[in-house]
2 protein chains.
Amino acid sequence: MAATQRIPHGLDQRESGRQQVFDAIRQAGRIARIDIARETQVSPATVTAITSELLAAGLIEEVVPEGDRPGAKRGRPRVSLKVRGAAHLIAGIKITDRSATVILVDFEGKTVGEYDQELPGPVMSAEELVVLVREALTGACAAAGRRLSDLSGVGLGLAGLIDATRNFVHWSPALDQRNVELGQMLSQAIPVPFFMDNDANLVAKAEQLFGQARNLSDFIVITIEQGVGMGIVIDGKIYRGERGCGAEFGHTKVQLDGALCRCGQRGCLEAYVGDYALLREANIRGSAQPEDDLSALYARAKAGDAMARSIFDRAGRMFAMGLANVINIFDPGLVILSGEQMTFDFLYSEDVLNRVKESIVQVDAPLPDIRVHKWGDLMWAKGAAACAMEGVSELTIRKLAANAA
Amino acid sequence: MAATQRIPHGLDQRESGRQQVFDAIRQAGRIARIDIARETQVSPATVTAITSELLAAGLIEEVVPEGDRPGAKRGRPRVSLKVRGAAHLIAGIKITDRSATVILVDFEGKTVGEYDQELPGPVMSAEELVVLVREALTGACAAAGRRLSDLSGVGLGLAGLIDATRNFVHWSPALDQRNVELGQMLSQAIPVPFFMDNDANLVAKAEQLFGQARNLSDFIVITIEQGVGMGIVIDGKIYRGERGCGAEFGHTKVQLDGALCRCGQRGCLEAYVGDYALLREANIRGSAQPEDDLSALYARAKAGDAMARSIFDRAGRMFAMGLANVINIFDPGLVILSGEQMTFDFLYSEDVLNRVKESIVQVDAPLPDIRVHKWGDLMWAKGAAACAMEGVSELTIRKLAANAA
DNA sequence: TGATTTAATTTGATACGCGAAAAAAATAGT
DNA sequence: ACTATTTTTTTCGCGTATCAAATTAAATCA
């Protein structure tokens, strides 16, 4: 049980000014020193000191004043600062059941390369995975005209129960063994800092750094892929729970003694909205021929088929109930529904969102903002890259502070 | 003297050493400087500096060395420090539908007085409540041979939706109006710092300061009184959500389109486990004579009455489901089930707890600790006092730091 | 050209916390 | 009894971070 973790009081853990200023710059994209001071509540003097250090280290750079700032024309023109993309090359890699998708980004988050590597099979040993990751990274770097040694950090996204603080895999559908010290194995094989996490958390990180949740310190991301996942950001940090296996939205129960879930329990949300659950329904409900294609089923529902429609309808209602529960518990300012597959569109319908809103405790205050954010194919890999970016920034700046001493 | 009150970046948000040390002392009860240093990771030199300041301010005091410390006999004997109870007098007050219960505690948390004031009626206007609070506090102080002006802070516990950051009441069953700036009104009428919160949060605070959750930075408290409440502590702080109305455990939905709740929605947990819900069931299910006494119903269930038993049984299963959902979302290290009324014992039964454990996502890690903690009558008021204690400590220490400058 | 405005930097001061050394207060050994 | 040893606490000097105020820089306005 987590006894109150006393933070060494020095500059160790805490956002030592440098971090705060750097984050402000990245968040803003381009921002003048004076505005950094305003936003971070750090004095202009200190901002100057810190930024000159970051400039010297090559982490940020000055930009020529952007054309026309409305109003204010007199006075010394402000000089904007931005993150220097060339400072670091970072990779994000996401393992699905079919392939390993790699994305290369610079330190600004700009994509500089993509790469896809087929998997021999959906499940493999940890050793095989390490080899695969190495190949995929090498391939991605080569394709972008860079070398593996150019990488400053790699983010790895895996489905399953991941303890990101220890780079430890409790369990993943991609691996044929439980409880793997994957982080250690990777670091040994590839001399680059690794950062790994469960995929819902990756998306949350991406939303926080580049997406809809910029500037926000508290929000929730719901992802739908094969299963249903959730990433919780509280106070700017991803919430992980005691054992690193919280946020199991897909396995919250929405029906007492309900439908059987592949986790072995009954009534899990996933057992009502997961793809396998929908197909199971379709087959049980006496469809003429066995159904095994979700998009076909979805098409039939759209075309008006009553049976198909009722299947999606119930799934939507269950999803609304689960989401409302999360909102009633967290009272978040923002909920991002993130997904890739159009087949899950029914979960994001007006109808479902309205039902959610009706099931939230009513107060005289604005309802939480629920936004649907559909990413492209590379969503997950980009999330992994975002994770690594944050890690690399932290490492670099910590090193900087240490060197100064 | 200082003109613009920009918050010095040092003491702003973070526990400025002084807070950290003081908290360590309160947490430990009695503790020597060297151990404070060990626990807080602050150097002995700094501990000396800070403690001497706290001593001078009268917030803590030295205690004669306790008899025999096992082992270690040589060396300079350690001098223990403790919070000086006489430093502040603090009140906690809890409003129920029948009365206002007041508890007076010293700065150590030791009870120095109790007081109970009858309410004219269960619902009143904000103005009436202010008068009532004033009367109750005056009465409590008088009974303990103190004066109202001796109070350094008052914690107020109210059922309903309270925004503790603004001392604002969205809604409370005790008030006949919504959206009341109760904090302002109280402060105007009674010149003492007020701290108010929803009652589940009060209990959480009490558990953290004095109870089962000492030293813990992450845990969850579930309370059962009239309704079902929840307090969430993350990172040592009570989690409140965006609009200050999170943690509405009682209104999470456990059944799609289920039983009607007094909040107007359907399927809320409270609509299955609340006292009114149980009685409603009993009456609907064709009991011979209308039932209006919950303890009688409970007694009948214990005696073997099948109908009564089935009512409590279902409530227990619904409760287990809701609790499992919370655990699946938070993955907490500790859950405290807190209650006063024996009538709710059925919710804490082995049976229910087992059901909860069966509904949690399974990992190779110890299950969260679920403990039942029954408090005495004054539980709620004590929670309110705990809240105020924390607030007063913070205020005092902040003032101290400011004066030092 | 000089006045004005706004941004950025320099300067000097201060608080915080640490490490090392010293002091204090006890016991153990001879 | 007196010295050595052990352990806690305090003192001292230093480095770092940060800030307020003053200064410099770079533009426009009149």
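Residue numbering restarts at 1 for every chain, and letters A, B, ... go by the order of the sequence lines.
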Open item on the list: Applying side chain to side chain donor-acceptor pair (under 3.5 Å), can you list everything that pairs with E61(A), at least two apart in sequence or on another chain?
Closed with: K82(A)

Open item on the list: Using five base pairs at each end to define the local axes, how bent is the helix from dT1(C)-dA30(D) to dT30(C)-dA1(D), to the nearest 10°?
Closed with: 20°

Task: Qualifying residues under side chain to side chain contact (heavy atoms under 4.5 Å, CB included), relative to S149(B), sequence neighbours excluded - done: R147(B)

Task: Sequence-distant partners of R243(B), side chain to side chain donor-acceptor pair (under 3.5 Å), two or more places apart - done: D331(A)

- [ ] Could you tell me which residues satisfy salt bridge (Lys or Arg N to Asp or Glu O under 4.0 Å) with D35(B), sequence neighbours excluded, listed by chain and number?
- [x] R38(B), R78(B)

Task: Closest listed nucleotide, where the reference is the side chain of P77(B) and the choices are dA26(C), dT9(C), dA27(D) - done: dA26(C)

Open item on the list: With a 4.0 Å cutoff (strictly under), does any side-chain N or O of R18(A) reach OP1 or OP2 of dA17(D)?
Closed with: yes

Can you tabulate the close N/O pairs, meaning under 3.5 Å, that link protein atoms to atoms of nucleotides 2-6 of chain D?
| residue | atom | partner | partner atom | Å |
| --- | --- | --- | --- | --- |
| dT5(D) | O3' | R74(B) | NH2 | 3.3 |
| dT6(D) | O2 | G75(B) | N | 3.2 |

Open item on the list: Can you measure I50(B) atom CD1 to dT11(D) atom P for me and round it to whole angstrom units?
Closed with: 15 Å

Task: Given dT10(C), dC19(D), dT9(D), the nucleotide with the shortest approach to the side chain of S43(A) - done: dC19(D)

Task: Residue whose nearest DNA chain D nucleotide is more 5′ - A45(A) or R38(B) - done: R38(B)

Task: Whole-Å gap separating P (dA24(C)) and CZ (R33(B)) - done: 15 Å

Open item on the list: Can you tell whether the side chains of R240(B) and D218(A) come within less than 4.0 Å, N to carboxylate O?
Closed with: no

Open item on the list: Side chain of R78(A) only, heavy atoms from C-beta on: which candidate in dT9(D), dA8(C), dC18(C) is closest?
Closed with: dA8(C)

- [ ] Take T46(A) and D35(B), find for each the nucleotide of DNA chain D with the closest heavy atom, and name the residue whose nucleotide sits nearer the 5' end.
- [x] D35(B)

Open item on the list: Looking at D106(A) and R146(A), is any side-chain nitrogen of the basic one under 4.0 Å from a carboxylate oxygen of the acidic one?
Closed with: no

Open item on the list: S393(B) and side-chain hydrogen bond (donor to acceptor under 3.5 Å, both in side chains): which single residue from Q19(B), R26(B), R18(B) fits?
Closed with: R26(B)

TODO: Hey, can you tell me if F330(A) and F330(B) have their rings parallel, tilted or perpendicular (30° and 60° cut-offs)?
DONE: tilted

Task: Spacing between L55(A) atom CG and dA8(C) atom C1', to the nearest angstrom - done: 12 Å

